[in-house]
There are 2 protein chains.
Amino acid sequence: MDRDIIGALIADARTTYAVIGQQVGLSASAVKRRVDRLREAGAITGFTARVEPAALGWTTEAYVELYCRGKTSPVEIGRAVARHPEIVSACTVTGEADALLHIRATDMRHVEQVIERIASEAFVVRTKSSIVLSRLLDTPLVMERNGSPRIA
Amino acid sequence: MDRDIIGALIADARTTYAVIGQQVGLSASAVKRRVDRLREAGAITGFTARVEPAALGWTTEAYVELYCRGKTSPVEIGRAVARHPEIVSACTVTGEADALLHIRATDMRHVEQVIERIASEAFVVRTKSSIVLSRLLDTPLVMERNGSPRIA
DNA sequence: GATGAAACGTTCATGAC
DNA sequence: GTCATGAACGTTTCATC
């Protein structure tokens, strides 16, 4: 039931409690209580506007693999990542590379500058970049009844 | 000014128009008109709840590079990608691989199954996967005054 | 412990300016 | 762009199971 409520809020964060209640068979106040509880529990971390980056000038994106010098800590990488505002997502990964970054920029020149800036971090040995040609999919998670995520 | 409004809505989609107006120096109805216009223009595509995937059971994620047979079209890849609900984002890229997928799963076994399913698509020659060890950053885009994106 | 219904203050949405 | 108005919504309180 909480999954259905979350699903409704992912589909549209401005859905009223009354409408959600109608969908799941609860009253508006019951839904609100559950949403409040889900927020406190950390399942729902907030409500945000979904934005088309291209419409705001962020037309270019790239993925950058980071190869770091013999055991750089994830914490160190995390601190460095926070220094570059164009990095929208980052994680440490298995495989040859140590970390994978997702960056957004205004154009190719901007991408180049960002990569250069990242490459100049002390712990970075080398980088390997893939420019995004066309985005096929980018979706928030939606829960299905069977428990598998689905495209909104 | 539209950027500031969008920034406020990204930070919290439930911020009232009055509060946003206070921040940007406008009346509530003026803010609403701009938001309506931004939605029609496609800059804002919707409002969604931000969810902690781990709190809902999606504890494992991976990035999968797709190597396709000599000129598979992006459209074909896009159609295939839509068939696998665990793929939350996908794009075609420059470099050795043809596409990069981001998948979310409940556990490692689930990841394995998904990769196997994707690899069995007709146009896929081989895949190369990186399991995510720890996520360092994952943020919606926030606009700065100078026009660069920033972590929320 | 969770729910439904009603009461109250706030916010949205609209039209006139 | 602002201001004013009626309708809709969020939030709290209270009784109930």
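The sequence lines fix the lettering, A, B, ..., with proteins before strands; numbering per chain opens at 1. These values consider heavy atoms only, across backbone and side chains, with no hydrogens, waters or symmetry-generated copies.
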| query | Rounded to whole angstrom units, what separation is found between the OH atom of Tyr17(A) and the P atom of dA6(C)? | reply | 21 Å

| request: State plainly whether the residues Glu61(A) and Arg104(A) are in salt-bridge range, i.e. N to O under 4.0 Å. | output: yes

| query | Do Arg126(B) and Glu65(B) meet the salt-bridge criterion of a basic N to acidic O distance under 4.0 Å? | reply | no

| Side chain of Leu26(B): nearest nucleotide among dT2(D), dA13(C), dT11(C)? | dT2(D)

| field | Shortest side-chain distance from Arg34(A), nucleotide among dG1(D), dT11(D), dA2(C) | value | dA2(C)

| query | Out of Arg34(B), Lys32(B), Arg33(B), which one pairs with Asp36(B) under the side-chain hydrogen bond (donor to acceptor under 3.5 Å, both in side chains) rule? | reply | Lys32(B)

| Atom-to-atom span, CZ of Arg37(B) to P of dA13(C) - whole angstrom | 17 Å

| task | Round to the nearest Å and state the distance from Arg14(A) atom CZ to dC9(D) atom C1'. | result | 12 Å

| query | Please give, in whole Å, the distance from dG1(C) P to Asp2(A) CG? | reply | 17 Å

| Closest to the Arg33(A) side chain, choosing from dG1(D), dT3(C), dG10(D) | dT3(C)

| message | Please classify the nucleic acid contact of Ser27(A) as base, sugar-phosphate, or nothing, using heavy-atom distances under 4.0 Å. | response | base

| request: Look at the side chain of Ser29(B) and the base of dA13(C), then say whether one donor and one acceptor between them are separated by less than 3.5 Å. | output: no

| said: Using heavy-atom distances to pick each residue's nearest nucleotide on DNA chain C, tell me which of Thr16(B) and Ala28(A) is more 5'. | reply: Ala28(A)

| query | Between Lys32(A) and dT11(D), does any side-chain N or O lie under 4.0 Å from OP1 or OP2? | reply | yes

| remark: Rounded to whole Å, CD of Gln22(A) lies from P of dA5(C) at a distance of 13 Å

| request: Calculate the interatomic distance between Asp36(A) atom CG and dG1(C) atom C1'; express it in whole Å. | output: 16 Å

| said: With a 4.0 Å cut-off on N to O distance, would you call Lys128(B) and Glu96(A) a salt bridge? | reply: yes

